[in-house]
Protein chains: 4
Amino acid sequence: MNMKININADVGESFGRWQMGSDDELMPLIDSASIACGMHAGDPSVMSGAVKRAIKYGVSIGAHPGFNDLWGFGRRAIRMAPLDVEHLVLYQIGAMQAIARAHGAKVAHVKPHGALNNMAHDDTELANALARAVHAADSDLIFVASVGSQMAAAAKSVGLRVANEVYADRRYGAAGQLLPRERAGALISNPAEAVAHVLRMIQHQAIFSIEDESVPAKIHTVCVHGDGPHALSIAAAVRAALNQANMRLVSLDRAVE
Amino acid sequence: MNMKININADVGESFGRWQMGSDDELMPLIDSASIACGMHAGDPSVMSGAVKRAIKYGVSIGAHPGFNDLWGFGRRAIRMAPLDVEHLVLYQIGAMQAIARAHGAKVAHVKPHGALNNMAHDDTELANALARAVHAADSDLIFVASVGSQMAAAAKSVGLRVANEVYADRRYGAAGQLLPRERAGALISNPAEAVAHVLRMIQHQAIFSIEDESVPAKIHTVCVHGDGPHALSIAAAVRAALNQANMRLVSLDRAVE
Amino acid sequence: MNMKININADVGESFGRWQMGSDDELMPLIDSASIACGMHAGDPSVMSGAVKRAIKYGVSIGAHPGFNDLWGFGRRAIRMAPLDVEHLVLYQIGAMQAIARAHGAKVAHVKPHGALNNMAHDDTELANALARAVHAADSDLIFVASVGSQMAAAAKSVGLRVANEVYADRRYGAAGQLLPRERAGALISNPAEAVAHVLRMIQHQAIFSIEDESVPAKIHTVCVHGDGPHALSIAAAVRAALNQANMRLVSLDRAVE
Amino acid sequence: MNMKININADVGESFGRWQMGSDDELMPLIDSASIACGMHAGDPSVMSGAVKRAIKYGVSIGAHPGFNDLWGFGRRAIRMAPLDVEHLVLYQIGAMQAIARAHGAKVAHVKPHGALNNMAHDDTELANALARAVHAADSDLIFVASVGSQMAAAAKSVGLRVANEVYADRRYGAAGQLLPRERAGALISNPAEAVAHVLRMIQHQAIFSIEDESVPAKIHTVCVHGDGPHALSIAAAVRAALNQANMRLVSLDRAVE
């Protein structure tokens with residue numbers, strides 16, 4: 001096997017005096033960083049720090065826009081008008097672009113966060129709003145989306161490149177959708193299990209559900225969450241396993257070529 | 001007299017369901033709009049609406065970043081670390097740039113808002129933080145600053161163009177600084193008085209204090225506030241008077257040439 | 001006809017420099033005021049001002065807690081854990097109680113705002129969370145709830161007094177639920193129509209849907225919204241009509257006796 | 001020596017998914033807990049959890065109101081009108097009272113947080129605003145204030161009981177004021193040093209400055225910060241030392257008798 005693959009993770013999720021994640025340890029284990037944009041996590045100084053850290057480790061920079069909900073960490077569904085979502089996401093991407101620019105860097109991808117990502121998975125209107133926002137911010141941006149999501153379709157329809165994503169630490173339902181966090185078995189905390197889960201999906205280029213159904217899928221990137229207690233060990237194990245399987249770990253633009 | 005001059009105003013200061021100002025009436029009376037960036041006023045959808053309106057009226061677009069304080073409308077001094085201010089301002093400019101870009105427009109200037117503007121008037125460290133943020137966002141941006149302020153000096157020192165600003169509706173102290181809003185006589189609400197105040201400053205290229213001292217000043221732009229009860233009548237009167245005095249009302253980049 | 005009835009309205013919906021509603025004109029036209037508690041509208045100083053105004057006009061004071069969403073004015077559904085909603089509402093009621101106490105007054109009722117009210121209409125878990133919060137804050141509080149809602153049931157089940165509410169300016173669906181604001185015909189802006197709507201519901205002690213079905217309902221209070229352009233004229237017309245029909249306009253505790 | 005003394009600490013400083021401090025370990029080491037009220041830290045659910053934990057450990061409950069500034073953790077000076085501060089603090093105390101009441105408990109003291117506490121130390125107007133807010137919320141509340149502060153004077157003048165506080169982990173200036181956190185030597189991180197510092201102040205009933213000047217002071221309570229890396233070891237060491245010195249560790253109302 002000599003395939004290209006990318007590992008991405010959410011980083012920059014601290015806020016003010018509150019720390020989250022271990023970005024310094026995680027950065028060397030990933031290829032692309034999705035940096036929180038101040039609405040669900042990540043104040044402007046945290047964003048700047050995350051950009052610096054990404055540059056230091058040669059990790060490409062992504063914007064990770066979410067709902068305007070610090071208390072809920074962007075994980076609560078909020079029923080906003082699609083146009084408001086479009087503006088909210090554009091706002092966050094722009095903020096991240098300026099902060100990246102200040103460090104001589106560029107935002108390479110966008111990945112919606114949390115409940116926004118979950119809602120837009122199936123909601124065409126929301127997905128279109130997100131695609132328009134990303135395209136308007138920079139038509140060269142890569143949209144990181146779950147396989148089979150409305151977001152992947154919407155992003156393609158406006159001419160954006162799409163990176164299909166699978167999660168190393170999350171189980172799927174029958175249609176290839178993420179199981180909600182509160183569902184039993186939804187979260188994978190064992191690194192060996194995460195490795196098996198990832199390798200199987202990449203080798204078969206398919207998503208496997210918790211009930212073992214499969215949905216064919218071209219896979220460009222593997223997400224490891226940055227904030228769980230097992231984030232580092234899962235990321236390290238997945239990276240080692242992908243290397244060992246002779247996959248080429250590449251940046252997102254190479255992965256989607 | 002055949003001088004160039006610019007009129008700017010703060011716009012886009014509504015938030016969600018709360019309206020402020022009469023942007024549709026004000027836009028035809030100004031040359032440059034300083035649009036609130038979501039922190040002290042202006043949600044992302046209000047920002048987008050303000051950009052559209054500016055384009056419609058041929059008014060150039062500016063970012064008007066302020067402290068993160070909706071309750072205080074950015075008018076309360078907040079003692080932040082200069083580096084945090086730098087990131088906060090960069091964040092807001094970037095957000096505005098993306099929203100402008102989505103409408104095919106460009107942010108042409110930056111003017112700090114409220115207490116941030118007041119504090120950076122005399123605070124070199126803050127002024128430098130602002131200048132760095134503006135320069136990092138786009139070195140072609142024009143920094144709109146009060147005459148004689150630390151901001152004007154800081155912006156020049158990083159190579160930014162500076163537009164010197166006077167207020168049509170505010171009185172000055174002896175050193176050319178704005179009198180605080182709560183001081184008697186600080187606010188001008190009578191259009192005829194505002195006109196006399198503006199014409200005198202432009203004709204003498206000097207700032208006149210409430211006690212009638214003068215400080216020489218090259219003046220590029222006149223600010224009329226967008227949110228007071230007299231905003232429209234003052235803007236209309238000042239514009240008419242400047243036209244009548246055969247001044248050329250121009251965009252900021254022409255004004256600072 | 002010599003029935004008791006109460007008129008309530010939402011007030012205190014300004015925030016910082018943003019004004020909303022005409023509380024001074026509305027207060028003389030109502031019996032009970034539901035005051036925003038700082039999360040969707042109403043900062044602490046606005047809350048204090050609203051309490052003073054209610055006392056001045058002999059209007060009884062209610063807490064009007066909503067989602068933590070200034071941008072959306074509490075009108076966006078947010079999927080929160082019921083326990084978080086319980087704490088959020090308790091928090092807001094407590095804040096209002098302290099501000100009332102500072103003016104020598106007491107919070108007499110609680111009415112959930114906007115999307116929170118809409119969601120809890122049919123959601124038993126949310127309704128129970130609200131009832132628990134209100135009861136914990138003060139078991140003497142009256143819960144103002146739409147007729148037939150899960151909130152009315154939940155409030156009764158914990159031993160709270162419930163005031164059944166109808167809207168003067170909103171149309172209903174077949175099951176007695178409020179039509180969503182965006183539905184054609186949902187909003188009533190004509191005072192004469194509002195009067196006819198209210199009188200018919202009170203006289204028949206039933207809710208009439210937009211399709212003219214009726215649902216029997218004991219009605220204790222009529223809500224007029226405080227923030228629409230027709231708020232004052234509707235409130236004045238409804239009050240005059242109820243007086244003319246010889247109804248006794250009373251406080252909520254009298255209405256629910 | 002058989003004196004009464006109280007140990008207090010700030011707790012409940014987590015927010016949403018962000019954890020801060022080790023409240024479960026700290027609670028057994030203190031007598032009174034100052035719980036953050038949602039503005040600088042502590043969401044409503046965190047507040048409720050902190051109240052439950054205090055009850056479990058027999059620790060009395062205090063409200064710890066601060067500026068409305070999550071990003072700055074309430075440690076940035078914000079120039080608010082004293083009346084707005086009064087309402088903001090009243091709001092927070094009321095919220096905490098309702099949450100305490102829901103658990104069958106009562107708020108026993110109030111201690112202003114961070115920059116608000118620092119500013120009101122010397123600012124008579126602010127101190128009076130705080131005293132009025134506390135008194136209005138409940139005239140039985142104990143105001144925890146630094147020795148010699150304007151707050152102590154203001155609280156006494158409205159008839160509140162005052163608990164004079166010293167810090168185990170902070171050094172003082174010549175007038176008995178706290179040294180700013182950024183000053184060299186301001187923070188004490190060594191438990192043995194903290195113990196010596198505390199014992200000396202209590203035994204001499206005086207505050208000793210970093211330059212060894214002393215200011216006489218009746219001391220009722222010792223504060224250990226809840227959020228530093230040394231919080232637990234300092235609290236444990238101070239408690240053990242006070243016990244060993246035969247002091248009686250008591251609740252605040254006993255301490256101020």
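Worth saying up front: this structure is predicted, and the values here are computed from it rather than measured. Labels below follow one simple rule: chain letters A, B, ... track the order of the sequence lines, proteins then strands, and each chain is numbered from 1.
Between B:Trp18 and C:His40, the closest heavy-atom pair is CH2-O, 3.4 Å.
The shortest distance between side-chain heavy atoms of B:Glu13 and C:Arg17 does not fall below 4.5 Å.
The number of heavy atoms from other shown groups lying within 6.0 Å of CZ (C:Arg183) does not exceed 12. With a 6.0 Å radius and a threshold of 12 heavy atoms from other residues, nucleotides or ligands, B:Glu125 has its CD atom at or below the threshold.
Rounded to the nearest 0.5 Å, atoms OG (C:Ser45) and CH2 (B:Trp71) are 4.5 Å apart.
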#### Entry: Residues B:Phe15, C:Phe15; criterion side chain to side chain contact (heavy atoms under 4.5 Å, CB included); working and verdict
CA-CA 10 Å; B:Phe15 191 84; C:Phe15 191 84; over 6 Å; no
